[in-house]
Amino acid sequence: MLKHLLARLKELPEKTRATLTLWLGAAAVGLVAVMLAKAAEWAFAGFDALTQRWWWWPLLSLPLGGMAIRWLMSRIGQGAEGSGIPQAMAALQVADQPSVAERLLGLRIAVAKFVGIVAGLGSGFVLGREGPTVQIGASIMYACHRFVPLADAVFRRQLILAGGAAGIAAAFNTPLAGIVFAFEELARSVEERTSGKLIGAVILAGVVSLAFLGNYTYFGRIRVPDFHYAILLPMVLVSVVAGLIGGAFSWLCVNPHRWLPHRLARWRQSHPYHFVAGCGLLIALCGMIAPIFGSGAEATSVAVASGQGLPWYYLPLKFVGLLGTFLTGLPGGIFAPSLSLGAGVGSWFLPLFDHSIHVKLMAIGMAAMLAAVTRAPLTSSIILMEMTDGHAMVISTLAASMIAATVARLFRTNLYHDLAERALKGLGPLPSAVEKKEDTP
């Protein structure tokens, strides 16, 4: 059946073949995103069940699981480490050099990323699947360019953008956020022909996701009261604190060489497996105090639904767990954990204000923290808007995201862009054509 379909596809005119290739790739991204969501859910549920039965289980699963994933990445997963969004951004810059781009995106990388995320959540690491879904989606779509022999760099770039956007849209079930994320973060400028293809890819991936998962939202449906001017003061307070914490987190992730003790940094480089095991043990100890394991969606959803908030110590422990997971270099995203951190920031301020705005403060904190970490305020706002009922959060969320992103600039760090530059440098010397393209403002 598949061979017959591919044979018929090759018989079509070039332009028609390119369009159909993009649509089929988008549907495949949606299907894989659903598979990853389900596999990740089952893996973390298994970890949680074992932890409920044996309190000491994380002390084994995190160090041993981390070392096993590290070994797997060293064998088949080169290029699949970390979030995945920086790799997709770096691939956009070298789309006119397929041999270079394929070291950042490809089916091998997509498979390794999938397995690494599921294994990481099954071990209890603090990570999300959204950023990895971007790299997986971009990898699947980029691999589709082989069905269009005359595909140029523009078309390959369109495939990467559409795949990344479709990945975010399918992971969160937030189609608008997927589109805005592609425009705001993956590429600062988009060719006119790209927008229609990108929107179509997001729609197709979203339809596939809806068909299997229904009209779900990652953190549940957040219901908030209507806008009132009394929210302005707490909104500013939450946004500024979230901006400082999120900006600090990004700085720590980008500059470990500037704050890790020299001996620890040297040990990390010379004994990577021991370092991963040590980080896993630290995360396990933090998780025995607060429920920080995994993405944090479960604990955050309960807090937001009840309006009771998270305990004050949840935020610092989640912060340490997320930073420790990032330092291991294992596959894992920071979108969902950042939203969970933001709910923790909002929870700090709940005792100071009326109970009627508690849910709104946590929602504002979620948007502000994600904007501060990613420096993508529009994407952060829209993700929260698509998880809330009505228009009650539009102004508050936009304002909070912009304030937090502005405060985060104090740290002079742009997490994904800085990591993308590092990924490009890790590829070694690039062809002169690419170097000239990078130097162009």
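Remember, it's a predicted structure, so these values are computed and weren't measured experimentally.
Atoms CD1 and CE, from Ile334 and Met369 in turn, are 11.0 Å apart once rounded to the nearest 0.5 Å. Here the CD atom belonging to Glu130 is positioned 9.0 Å from the CG atom belonging to Leu36, to the nearest 0.5 angstrom. The CD1 atom of Ile85 lies 9.5 Å from the CD atom of Gln135; values are rounded to the nearest 0.5 Å. For the atom pair CG (Leu415) and OG (Ser83), the distance works out to 7.5 Å, reported to the nearest 0.5 Å. Arg156 CZ to Asp96 CG: the interatomic distance, rounded to the nearest 0.5 Å, is 7.0 Å. For the atom pair CD1 of Ile168 and OG1 of Thr379, the computed distance is 8.0 Å after rounding to the nearest 0.5 Å.
For Val29, the side chain to side chain contact (heavy atoms under 4.5 Å, CB included) test picks out Ile140, Met141, Ala166, with sequence neighbours left out. Here Ala143 pairs with Leu107 under the side chain to side chain contact (heavy atoms under 4.5 Å, CB included) rule; sequence neighbours left out. His262 meets the ring pair (Phe, Tyr, Trp, His ring centres under 6.0 Å) test with no other residue; sequence neighbours excluded.
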(request) Might you work through the side chain to side chain contact (heavy atoms under 4.5 Å, CB included) test for Met235 and Leu237, ending with a clear yes or no? (result) CA-CA 5 Å; Met235 179 202 69; Leu237 293 175; over 6 Å; no
(request) Go through Ile245 and Leu341 one step at a time and tell me if the side chain to side chain contact (heavy atoms under 4.5 Å, CB included) criterion holds. (result) CA-CA 9 Å; Ile245 295 174; Leu341 284 176; 5.6 Å; no
(request) Might you work through the side chain to side chain contact (heavy atoms under 4.5 Å, CB included) test for Leu104 and Val94, ending with a clear yes or no? (result) CA-CA 10 Å; Leu104 298 164; Val94 292; 4.3 Å; yes
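Although no hydrogens or angles enter the test, the distance criterion places a donor-acceptor pair under 3.5 Å between the side chain of Ser250 and the main chain of Val373. Here the side chain of Arg268 pairs no donor or acceptor atom with the backbone of Phe275 at under 3.5 angstrom. Judged by distance alone, the side chain of Lys113 and the main-chain N or O of Ile136 form no donor-acceptor pair under 3.5 Å. A donor-acceptor pair is defined here as one N or O able to donate and one able to accept, closer than 3.5 Å; such a pair exists between the side chain of Arg108 and the backbone of Gln78. The main-chain N or O of Gly79 is found under 3.5 Å from a side-chain atom of Glu81 such that the two form a donor-acceptor pair. The backbone N or O of Arg412 lies less than 3.5 Å from no partner atom in the side chain of Trp251, so there is not a single donor-acceptor pair. Formation of a donor-acceptor pair under 3.5 Å by the Asp354 side chain with backbone atoms of Ser356 is found in this model. Judged purely by atom type and a 3.5 angstrom limit, Thr133 has no side-chain atom pairing as donor or acceptor with the backbone of Gly167. Panel note: side chain Gln87, backbone Gly84; a donor-acceptor pair is recorded below 3.5 Å. A donor-acceptor pair under 3.5 Å is formed between the side chain of Arg375 and the backbone N or O of Thr413.
A heavy-atom distance below 4.5 Å is found between the side chains of Ile364 and Ser239. Between Val254 and Phe411, the closest side-chain pair of non-hydrogen atoms is not below 4.5 Å. You'll find the side chain of Ile117 reaches within 4.5 Å of the side chain of Leu121, heavy atoms only. Side chains of Tyr273 and Val276 form no contact here, defined as non-hydrogen atoms less than 4.5 Å apart. A 4.5 Å side-chain heavy-atom check between Thr374 and Phe181 finds every atom pair outside the cut-off. Here the side chains of Asp418 and Asn255 are not in contact, with every heavy-atom distance at 4.5 Å or above.
Taking the six-membered ring where tryptophan is involved, the planes of His274 and His271 are essentially parallel, since the angle between them stays under 30° and well short of 60°. In this pair, Tyr416 and Phe335 present their aromatic rings parallel. The plane angle is below 30°, not in the 30 to 60° band.
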Run the side-chain donor-acceptor check on residues 401-410: report pairs under 3.5 Å with partners two or more places apart or on a different chain.
from: Ser401; atom 1: OG; to: Ser381; atom 2: OG; distance (Å): 2.9
from: Ser401; atom 1: OG; to: Thr397; atom 2: O; distance (Å): 2.9
from: Thr406; atom 1: OG1; to: Met402; atom 2: O; distance (Å): 2.7

Between side-chain atoms of residues 39-61 and protein atoms elsewhere (two or more places apart, or another chain), which donor-acceptor pairs fall under 3.5 Å?
from: Thr51; atom 1: OG1; to: Phe47; atom 2: O; distance (Å): 2.8
from: Ser61; atom 1: OG; to: Trp57; atom 2: O; distance (Å): 3.4
from: Ser61; atom 1: OG; to: Ser123; atom 2: O; distance (Å): 2.9

May I have the list of side-chain donor-acceptor pairs in residues 304-333 shorter than 3.5 Å, sequence neighbours left out?
from: Ser306; atom 1: OG; to: Val302; atom 2: O; distance (Å): 3.0
from: Ser306; atom 1: OG; to: Ala303; atom 2: O; distance (Å): 3.2
from: Ser306; atom 1: OG; to: Gln308; atom 2: N; distance (Å): 3.2
from: Tyr314; atom 1: OH; to: Ser340; atom 2: OG; distance (Å): 2.5
from: Lys318; atom 1: NZ; to: Ile292; atom 2: O; distance (Å): 2.7
from: Lys318; atom 1: NZ; to: Gly294; atom 2: O; distance (Å): 3.1
from: Lys318; atom 1: NZ; to: Ser295; atom 2: O; distance (Å): 3.4
from: Thr325; atom 1: OG1; to: Val126; atom 2: N; distance (Å): 3.2
from: Thr325; atom 1: OG1; to: Val126; atom 2: O; distance (Å): 3.4
from: Thr325; atom 1: OG1; to: Gly321; atom 2: O; distance (Å): 2.9
from: Thr328; atom 1: OG1; to: Thr325; atom 2: O; distance (Å): 2.5
from: Thr328; atom 1: OG1; to: Leu330; atom 2: N; distance (Å): 3.3

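Here the closest heavy-atom approach between residue Gly77 and residue Ala112 is recorded as CA-CB, 3.7 Å. Here the closest non-hydrogen pair linking Leu339 and Met366 is O-CG, 3.1 Å. Phe353 approaches His358 most closely through the heavy-atom pair O-NE2, 3.1 Å. Closest non-hydrogen pair, Cys253 versus Arg422, comes out as O-NH1, 4.3 Å. Summarising the geometry of Ser380 relative to Ala376, their closest heavy-atom pair is OG-O, 2.9 Å, with the distance given to 0.1 Å. Val134 approaches Ala88 most closely through the heavy-atom pair CG1-CB, 4.2 Å.
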